[in-house]
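Here is how names work: the chains are called A, B, and so on, in the same order as the sequence lines, proteins then strands, and each is numbered from 1.
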2 protein chains.
Amino acid sequence: MTDWITDTPSLSALSPASKARLGALQPMALPRGAVIYRPGDDVTGFPVILSGRIEVFLTGAGGRELLLYAVEPGQTCVQTTLGLLGGDASYSAEALCATESRAIVIPRPVFLSLMDSDPAFRQLVFTAFAERMGGMIQLMERVSFQSVECRLAAFLCNRAEGGRVQATQSEIAAQIGTAREVVSRRLDAFARRGWVHTERGAVEIIDAASLRRLALAEGL
Amino acid sequence: MTDWITDTPSLSALSPASKARLGALQPMALPRGAVIYRPGDDVTGFPVILSGRIEVFLTGAGGRELLLYAVEPGQTCVQTTLGLLGGDASYSAEALCATESRAIVIPRPVFLSLMDSDPAFRQLVFTAFAERMGGMIQLMERVSFQSVECRLAAFLCNRAEGGRVQATQSEIAAQIGTAREVVSRRLDAFARRGWVHTERGAVEIIDAASLRRLALAEGL
DNA sequence: GCGCTGTCTGTGACAAGGTCACCTTCACTC
DNA sequence: GAGTGAAGGTGACCTTGTCACAGACAGCGC
């Protein structure tokens, strides 16, 4: 019944007392596409994701989207940590289930008490926070200093499974923070160079080496 | 001799034991323009700024710069927290003194021990971290979804002192994350509308209301 | 004063990217 | 087999970033 605690590496270091408190919580199942929260929602608890993948997006005025970060098992959501510890108690971004997922939600009072009493829990939250911040700074660097072509190539390399990337052009655009039309044109350019082959809802990678070279061309 | 502890609001909540340990540290004076760290430097301690203002910039390949955040008295540097707690122990950004400043540097072992022993110190570091993260997300939003014109207007409104902003166009460009030439052209457009008057090294605000209206036009 | 020097600013030309409008293609359903 | 909605392609246009270069200005030494 509470085997999810031992199954989740980042939780196994917690003190027995903490585990006992968490053991009372029920994991919940989330289908793909489920909305975890929207901008303006109140932060009521601290989610810990046990399996699956949650993606957190920023949405601009024109509906354009930008992937801020993804939350995978053992990681935590900064937006939430921020809401529970800092001033603002509402979200400024939107979180969606990228795959079917399971998660528990630690209620705010329990979270705050664990933060005070369990150094391991603190460590968990803090390092997650630090890693996320580092990721945000890198994202900043990519978004403001790298070309779309470069970001697209990097995305295709990272997301390729068996030489294919399963994603619509709109999805790709949101992941790298550009407009769908731009993705369409860039992919077309790649295809003309013989690097990829595009199809509806997917991109087939033909020349991964060239893509990787381009991805690395403009610094990290 | 250790009056800077009581003079700095955020430090006054610390436990007496923590204060005693910090009391042994010597504040250091930093002239305007001093480099606190550069990308790649090792993180050796945790700076707490007592007076003045430190600005942290990201630098792109072409030399273009972007202000990530500013550190003012009582605030802390995320880049450093990140280095001391997370994986990476080196900086990815550059920090400069925007004004003459005083600061102490808490050595890494002292920092880690304070984090474990003093809840008030933890609270201080954590809320600073949370606020900074919130700021970073907002910055992300502005940089990727707002027009330069809008960001420039907002900058002029925020930085105006007595109806003037004392800064070169290069400095303004770095603060809002664009190129100098673009600032030149946008300021020129503002001037033609009669909103500002530009001079060497400064901008005089004539119609603050119009600027503010524009700054708020594209969402927060 | 006079010229030198480095910084600050203006500008034209061009490339890259974002926005808008509209159309085609495709998968699915009834 | 027509209808529907999502996905993808394309041209026009504007904003932004980049490059190259020139003019303006302040400070300095003479």
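Under the salt bridge (charged side-chain N to carboxylate O under 4.0 Å, His left out) criterion, the residue pairs touching residues 68-84 of chain A are R53(A)-E72(A), with sequence neighbours excluded. Every pair tested for side-chain hydrogen bond (donor to acceptor under 3.5 Å, both in side chains) that includes a residue from residues 98-107 of chain A fails, sequence neighbours excluded, so the list is empty.
Under the rule for a side-chain hydrogen bond (donor to acceptor under 3.5 Å, both in side chains), the partners of R193(A) that lie at least two apart in sequence or sit in another chain are E149(A). Under the side-chain contact (heavy atoms from CB on, under 4.5 Å) criterion, A179(B) pairs with R64(B), E181(B), V182(B), sequence neighbours left out. With sequence neighbours left out, R122(A) forms a side-chain hydrogen bond (donor to acceptor under 3.5 Å, both in side chains) with D116(B). In this structure, Q26(B) has no side-chain hydrogen bond (donor to acceptor under 3.5 Å, both in side chains) partners at least two apart in sequence or on a different chain. Listed by chain and residue number, R38(A) satisfy the side-chain hydrogen bond (donor to acceptor under 3.5 Å, both in side chains) test with E94(A) (two or more places apart in sequence, or in another chain). Under the side-chain contact (heavy atoms from CB on, under 4.5 Å) criterion, A208(B) pairs with I205(B), R212(B), sequence neighbours left out.
Counting only N and O atoms by type, the side chains of E55(A) and Q175(A) include a donor and acceptor under 3.5 Å apart.
A 4.0 Å heavy-atom criterion places the boundary nucleotides of DNA chain C facing chain B at dG6(C) to dA13(C), written 5' to 3'.
Residue contacts for G201(B): at a heavy-atom cut-off of 4.0 Å it reaches the sugar-phosphate backbone alone, with no base atom in range.
Screening L68(B), T76(B), V71(B) against R132(B) for a side chain to side chain contact (heavy atoms under 4.5 Å, CB included) leaves a single residue, V71(B).
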Expected rows: protein N/O vs nucleotides 14-16 of chain D N/O, under 3.5 Å:
residue	atom	partner	partner atom	Å
dT16(D)	OP1	V148(B)	N	2.9

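Take the nearest nucleotide of DNA chain D for A202(A) and for R185(A): the residue whose nucleotide is more 5' is A202(A).
Shown for residues 160-172 of chain A: residues whose heavy atoms fall under 4.0 angstrom of DNA chain D, namely T168(A), Q169(A).
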- Query: When every nucleotide of nucleotides 20-28 of chain D is labelled 5' to 3' by its protein contacts under 4.0 Å (heavy atoms), B for base, S for sugar-phosphate only, - for none, what sequence of letters results?
  - Reply: B---BBS--
- Task: Take V78(A) and Y69(A), measure what side-chain contact (heavy atoms from CB on, under 4.5 Å) needs, and give me the verdict at the end.
- Result: CA-CA 9 Å; V78(A) 223; Y69(A) 55 88; 3.5 Å; yes
